Number of protein chains: 2
Amino acid sequence: MVQIPNTPTSADVARLAGVSRATVSYVLNNTSAVRISEPTRRRVHEAARELGYVPHAAARSLRAGHSRMVLMPAPAIPVGPLYSGFLNELQWALGRLDYTVVQYGTVGLQGDEAARAWAELRPVAVLVPGAELGTQGVRVLKRSGARAVVTLGPERVDGAHALLMDHAAVGQCAGAHLHGRGRRRIGVVVPEESGLEAYSRPRLTGVRQALHGTDAAVTELPLAYTEESAARLAAKWRELALDAVFAYNDEYAMLLMRALQDEGLRIPEDVAVIGADDLMLGRLLRPRLSTVHVELPSGRDLAELVDRAVRDPGGEPEVHRVLGASVVRREST
Amino acid sequence: MVQIPNTPTSADVARLAGVSRATVSYVLNNTSAVRISEPTRRRVHEAARELGYVPHAAARSLRAGHSRMVLMPAPAIPVGPLYSGFLNELQWALGRLDYTVVQYGTVGLQGDEAARAWAELRPVAVLVPGAELGTQGVRVLKRSGARAVVTLGPERVDGAHALLMDHAAVGQCAGAHLHGRGRRRIGVVVPEESGLEAYSRPRLTGVRQALHGTDAAVTELPLAYTEESAARLAAKWRELALDAVFAYNDEYAMLLMRALQDEGLRIPEDVAVIGADDLMLGRLLRPRLSTVHVELPSGRDLAELVDRAVRDPGGEPEVHRVLGASVVRREST
DNA sequence: TTGAAAGCGGTACCAG
DNA sequence: CTGGTACCGCTTTCAA
């Protein structure tokens, strides 16, 4: 008995239960404005179960004129435990507020292209990490019904709420710390991997800011995440004559530290090394790695901001500085 | 001049262009079955641009009866560079085939609940990593129109295509390698962090399988990803009298190796240590960490499987073993 | 308490 | 070449 498994609709449920589609809708949504007799309810639920009925989200939100979907572009780069944890908390918190979080796989779409693609889904809110979104993009999203657009990035965008995560603060911490430890010739690792510029540029800038007006000099150090690249950099270290380095993050720091040690350089005596992100990793190195601890916003807070914005779409865009940075000094500086 | 930014529809475009909605649809979709005069096309495009018109995906797929959405549950645990890379490749490849990948934030939904939630979106295909999906769930998804359901996990599920990623193979590799190096009292780290059981259990099982029938003994070692936990384990190492350990993955391996070294144990003389996943990390340790290199399926291949399955939904479910595991011996074993 | 019917935004058939 | 129109699945008045 092979049935063609045609997707059951509410009409099928209605037919099987011997009621109208309206009644089905009332029962399955527990509509309070209307009283349905207990026997009817039972029949409807029974029929729905039997058919394996699942409502059609698109049809529903088409009719309703809005959805509860919060859209985020899926990050294209491997993402650390920090951001992962933040994302989980956010999803959980938004889930509690009855939103559905969807990460949209935006590959190769540029700026406004991407915004348009997102807009086709008519999300009620859009959260955009990084700087992928311009004023134009915000406009597109809003025009297509997004009641809240929130950017998580270095600078605010007109018309959107902003969680300002200024990674310059990370660099500032690191720069000030190194200077305070008496270092004056300071290298800053800039990863060659693409997609990281959004973080690496501001971190570099931050170091420059912290050292501006002092007698310290900053040297930019391009570095790919490979042993060869690190070895190359280490090999010319003595001629660079740097006495400290801010290595972008703990992983690059470990890579470079290893290479420097293999070159016979002592840490921290010859070179002070500091990373960022405060990964477990750094505590396990010898010497223990100093790092800049980065505090992301709480997912719960962001969820509440989203909810607030959705409920009051006319409100002034909120702008929060949310990136806490503080040095954790260990043994490498 | 504050306009109420009512989302423009194709009717608005039609009105502005002075044509019918049908014509708008034809023009914007480049419908080949129908010829529209060049001036008309221009007027339509012009109007669409001016209004900032973005089509409504839900309405479109409602009418069409299907979407091009490939849905994946968003992973709840921090995910390494391996899986990240795989995901990117997959998104890219599916994008080329004109599918849209969406990661659905499934928090706290259990089994069939989750499947039903996914089904509401009427995705054309669903890719499920891990073992979160049962036969029932597959049925729900298929009944609601999913033309392909693919599981990426330890075992196949009835009715779904399967990319069998049997992490037991990872454990087998490690176990056989350690045994081959003459080790007989072998510890296996089992992370205490929840969400990792899906990988850690099979990896442990694999070691047991590799050592079954030999004179080697396997000891299960619960370990949390903290320095304290590692120190506790290392402190009682001598009484455990193990001469080798498979540390679940490279990160746990580093954590444990550090603790063992701090206890004065020599690696590999006193204890052989092997990790898994072949992270850059391991190459930077001293001694260099031996590891099990894990080969995930290619995102392109999976994309093609999905496409094939979507085009021929009646076809027999394909089952592929796709997890390659091979030992990379370095200095720690 | 229940049913009939309109309509959300698009698409595609059929007429003109 | 273009317009009218039915319909996808669901919700929600409005009547009965």
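Excluded from the calculations below are hydrogen atoms, water molecules and symmetry mates; all remaining heavy atoms, backbone and side chain alike, are included. First the proteins, then the strands, lettered A, B, ... as listed; each starts at 1. Model, not experiment: these values are computed from the prediction.
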A.B. asks: Among residues 13-40 of chain B, which contact DNA chain C at a heavy-atom distance under 4.0 Å?
C.D. replies: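 Heavy-atom contacts with DNA chain C come from B:Arg21, B:Ala22, B:Ser25, B:Tyr26, B:Asn29.
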
A.B. asks: Could you tell me whether A:Arg41 contacts a base, only the sugar-phosphate backbone, or nothing, with contacts defined as non-hydrogen atoms closer than 4.0 Å?
C.D. replies: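 The answer is nothing, as A:Arg41 stays clear of every strand by at least 4.0 Å.
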
A.B. asks: Which distance, rounded to the nearest 0.5 Å, do you find between the CZ of B:Arg122 and the NE2 of A:His56?
C.D. replies: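 Answer for the CZ-NE2 pair, B:Arg122 versus A:His56, is 5.0 Å.
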
A.B. asks: Regarding B:Arg43 and B:Glu46, does a basic nitrogen lie under 4.0 Å from an acidic carboxylate oxygen?
C.D. replies: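 Here B:Arg43 does not pair with B:Glu46 in a salt bridge, since their nearest N and O are not under 4.0 Å apart.
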
A.B. asks: Mind checking the OG-CZ spacing from A:Ser67 to A:Arg60? Nearest 0.5 Å is all I need.
C.D. replies: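 One gets 12.0 Å once the value is rounded to the nearest 0.5 Å.
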
A.B. asks: Can you pull out every side chain to side chain donor-acceptor pair (under 3.5 Å) where at least one residue sits in residues 146-158 of chain A? Sequence neighbours excluded, please.
C.D. replies: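 The answer is none; no pair qualifies.
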
A.B. asks: Between B:Pro8 and A:Arg143, is there a side-chain heavy-atom distance shorter than 4.5 Å?
C.D. replies: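 A side-chain contact under 4.5 Å exists here.
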
A.B. asks: Take atom CZ of A:Arg42 and atom C1' of C:dT1, then tell me their distance rounded to the nearest Å.
C.D. replies: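 To the nearest whole Å, that distance equals 17 Å.
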
A.B. asks: Do B:Glu38 and B:Arg42 touch side chain to side chain, with heavy atoms closer than 4.5 Å?
C.D. replies: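 The answer is yes, as the side chains (C-beta and beyond) meet within the 4.5 Å cut-off.
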
A.B. asks: Among residues at least two apart in sequence or on other chains, which ones pass side-chain contact (heavy atoms from CB on, under 4.5 Å) with B:Arg308?
C.D. replies: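 Applying side-chain contact (heavy atoms from CB on, under 4.5 Å) to B:Arg308 gives B:Glu304, B:Leu305, B:Glu318.
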
A.B. asks: My understanding is that only residues two or more places apart in sequence, or in another chain, count here; which of them pass side-chain contact (heavy atoms from CB on, under 4.5 Å) with B:Leu97?
C.D. replies: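 Residues passing side-chain contact (heavy atoms from CB on, under 4.5 Å) with B:Leu97: B:Tyr99, B:Ala303, B:Asp307.
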
A.B. asks: Taking DNA chain C as the partner, which of residues 48-62 of chain A come within under 4.0 angstrom of it by heavy atom?
C.D. replies: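 When residues 48-62 of chain A is checked for heavy atoms under 4.0 Å from DNA chain C, the hits, listed by number, are A:Leu62.
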
A.B. asks: Using the side-chain contact (heavy atoms from CB on, under 4.5 Å) rule, take B:Leu71 and B:Val124 through it: C-alpha gap first, then chi angles, then the decisive distance, then the call.
C.D. replies: CA-CA 8 Å; B:Leu71 184 144; B:Val124 69; over 6 Å; no

A.B. asks: What are the bounds, 5' to 3', of the part of DNA chain D that sits under 4.0 Å from heavy atoms of chain B?
C.D. replies: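 Under 4.0 Å from chain B, the extent on DNA chain D is D:dC1 to D:dG9.
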
A.B. asks: Where do B:Thr106 and B:Trp118 land on the side-chain hydrogen bond (donor to acceptor under 3.5 Å, both in side chains) test, with the steps shown first?
C.D. replies: CA-CA 9 Å; B:Thr106 311; B:Trp118 303 338; 3.0 Å; yes

